[in-house]
Amino acid sequence: MSLGRRILLVAALAVLAVVAVAALAPQLLTAHDPLQTDVRSALQPPGPAHPFGTDQSGRDVFSRVVHGAARSVGIGLLATAAALAVGLVVGVLSGVAPRLVDAAAMRVTDVLLAFPEFLVALVVVAVLGPGAANVAVAVTLAAVPVYVRLGRVQTRALAAAEHVEAARILGIGPVRTFARHVVPGVLGALSVLATIGIGSSILAAAGLSFLGLGPAEPQPEWGLMLAGGRNVLGQAWWISVFPGAAITLTVVAATVVGRLLRARAEGRTA
């Protein structure tokens, strides 16, 4: 790995470390209550008392960005983990299923892959209704087809590998052989894909919240905060800029780490 990519990786990991602290222990970064209002302090620009300024209700934007990490990142992580689990099960079963069942599963997957993930998530959450839990379900269902497709391909490739065939020749049962030599390999491939998918899931969840389909006020969430400042962008740019920057930095950092991990897993020079 070149020096430039090493620096990029360290910077991305540093960003993710700060986001992790914000999500798990926000009190270490701010002492302000993200829900406390003070009309007299409304729309104050960034300054010593409020590093990111205040919003229309006088709430500290920095505190809300820090506390919002738990919801924004949490939804993305939950959706990615659920999509990986579903993709692993369905992909593996499709890889060993009879041709008719496999063909049916892949046709459904192909139809879902034909649409952008965000559009699929938007349709799902429109049917289920707004809310953080429904957003997580919607983002999960939108991401599942990618994991199913990769899981099926990896299952077929590993099932025909020499070491799996050798295990069969040695008399090891098919279930044991499959569990020890195929499933771990499929899980490894899907895990690498998930490191990239986390960024996409966070972005999709923030987009749905921006449209008013995610957590409701006054709960701090990056997409919701971004939408909250759009009507006063010319007067108080900081209300939308700082949560937007948090989304951008987190997604870019997660994508950088994911792509470098994928390149390393594939034996390529990152």
Side-chain angles (χ1 to χ4, degrees), residues 15-37 50-85 117-118 120-122 124-126 128-143 194-230 238-255 257-258:
V15 170
L16 295 180
V18 173
V19 173
V21 172
L24 298 175
Q27 66 276 7
L28 296 179
L29 299 178
T30 178
H32 284 282
D33 182 353
L35 303 180
Q36 182 177 359
T37 61
H50 303 283
F52 287 2
T54 61
D55 64 9
Q56 299 94 323
S57 300
R59 296 173 298 194
D60 184 68
V61 175
F62 177 73
S63 176
R64 290 179 63 77
V65 169
V66 170
H67 284 266
R71 287 180 175 81
S72 299
V73 177
I75 292 174
L77 289 175
L78 178 62
T80 302
L84 188 153
E117 286 188 16
F118 184 76
V120 175
L122 182 61
V124 173
V125 79
L128 297 178
N134 290 343
V135 166
V137 172
V139 175
T140 297
L141 294 178
T195 58
I196 300 175
I198 289 173
S200 299
S201 295
I202 292 174
L203 188 60
L208 292 173
S209 295
F210 179 83
L211 296 175
L213 300 172
E217 286 282 2
Q219 299 302 321
E221 196 278 334
W222 292 343
L224 184 62
M225 294 173 63
L226 190 63
R230 60 185 171 182
W238 52 87
I239 299 177
S240 291
V241 167
F242 288 115
I247 294 171
T248 302
L249 288 174
T250 303
V251 171
V252 169
T255 302
V257 173

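None of these values were measured; they are calculated from a predicted model.
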(message) Measuring from atom NE2 of H67 to atom CG of L35, what distance do you get when rounded to the nearest 0.5 angstrom?
(response) 8.5 Å

(request) Of all the heavy-atom pairs spanning A205 and V139, show the shortest one and how long it is. (result) N-CG2, 4.1 Å

(message) Using the side chain to side chain donor-acceptor pair (under 3.5 Å) criterion, which residues pair with R71? Sequence neighbours excluded.
(response) Q219

(request) Enumerate the residue pairs fulfilling salt bridge (charged side-chain N to carboxylate O under 4.0 Å, His left out) with a member in residues 25-37, sequence neighbours excluded, ordered by first and then second residue. (result) none

(request) Kindly write out the residues that satisfy side-chain contact (heavy atoms from CB on, under 4.5 Å) with L78, not counting sequence neighbours, or none if the list is empty. (result) A136

(request) For V18, check side-chain contact (heavy atoms from CB on, under 4.5 Å) against everything at least two apart and list the hits. (result) none

(request) Determine the minimum heavy-atom distance between G199 and V251, stating which atoms define it. (result) O-CG2, 3.5 Å

(request) For residues P220 and P34, report the shortest heavy-atom separation together with the two atoms involved. (result) CG-CB, 4.3 Å

(request) Kindly give the heavy-atom pair with the smallest separation between W238 and P243, and that separation in Å. (result) O-CD, 4.1 Å

(message) Suppose we screen for side-chain contact (heavy atoms from CB on, under 4.5 Å). Which residues come up paired with A83, at least two apart in sequence or across chains?
(response) T140, A143, V144, Y147

(request) Look up atom CD1 in I247 and atom CD1 in I202, then write down how far apart they are to the nearest 0.5 Å. (result) 9.5 Å

(request) Decide yes or no on side-chain contact (heavy atoms from CB on, under 4.5 Å) for L208 and F118, but give the supporting numbers first. (result) CA-CA 8 Å; L208 292 173; F118 184 76; 4.0 Å; yes

(request) Please identify each residue that fulfils ring pair (Phe, Tyr, Trp, His ring centres under 6.0 Å) with F210, with sequence neighbours left out. (result) none

(request) Kindly state each residue pair satisfying salt bridge (charged side-chain N to carboxylate O under 4.0 Å, His left out) with at least one member in residues 197-219, sequence neighbours excluded. (result) R59-E217, R64-E217

(message) What's the separation between atom CG in L213 and atom CG in N134, rounded to the nearest 0.5 Å?
(response) 10.0 Å

Cut-off 3.5 Å, no hydrogens considered: what does the side-chain donor-acceptor table look like for residues 21-32, sequence neighbours left out?
unit_1, atom_1, unit_2, atom_2, d
T30, OG1, H32, N, 3.2

(message) Quick check for you: to the nearest 0.5 Å, what is the distance between D55 atom CG and D60 atom CG?
(response) 9.0 Å

(request) Over all heavy atoms of both residues, which pair between V19 and W222 is shortest? Give the atoms and the distance, please. (result) CG1-CH2, 4.4 Å

(message) Please give me the minimum heavy-atom distance between P215 and A132, naming the atom from each residue.
(response) CG-CB, 3.9 Å

(request) Mind checking side chain to side chain donor-acceptor pair (under 3.5 Å) for S209 and listing every partner two or more places apart, or none if nothing turns up? (result) E221

(request) Mind checking side-chain contact (heavy atoms from CB on, under 4.5 Å) for V241 and listing every partner two or more places apart, or none if nothing turns up? (result) W237

(message) Counting C-beta onward and ignoring hydrogens, is there a side-chain heavy-atom pair between I198 and V257 closer than 4.5 Å?
(response) no

(message) My understanding is that only residues two or more places apart in sequence, or in another chain, count here; which of them pass side chain to side chain donor-acceptor pair (under 3.5 Å) with T80?
(response) S201

(message) Among V124, I75, L128, exactly one meets side-chain contact (heavy atoms from CB on, under 4.5 Å) together with V135. Which residue is that?
(response) I75

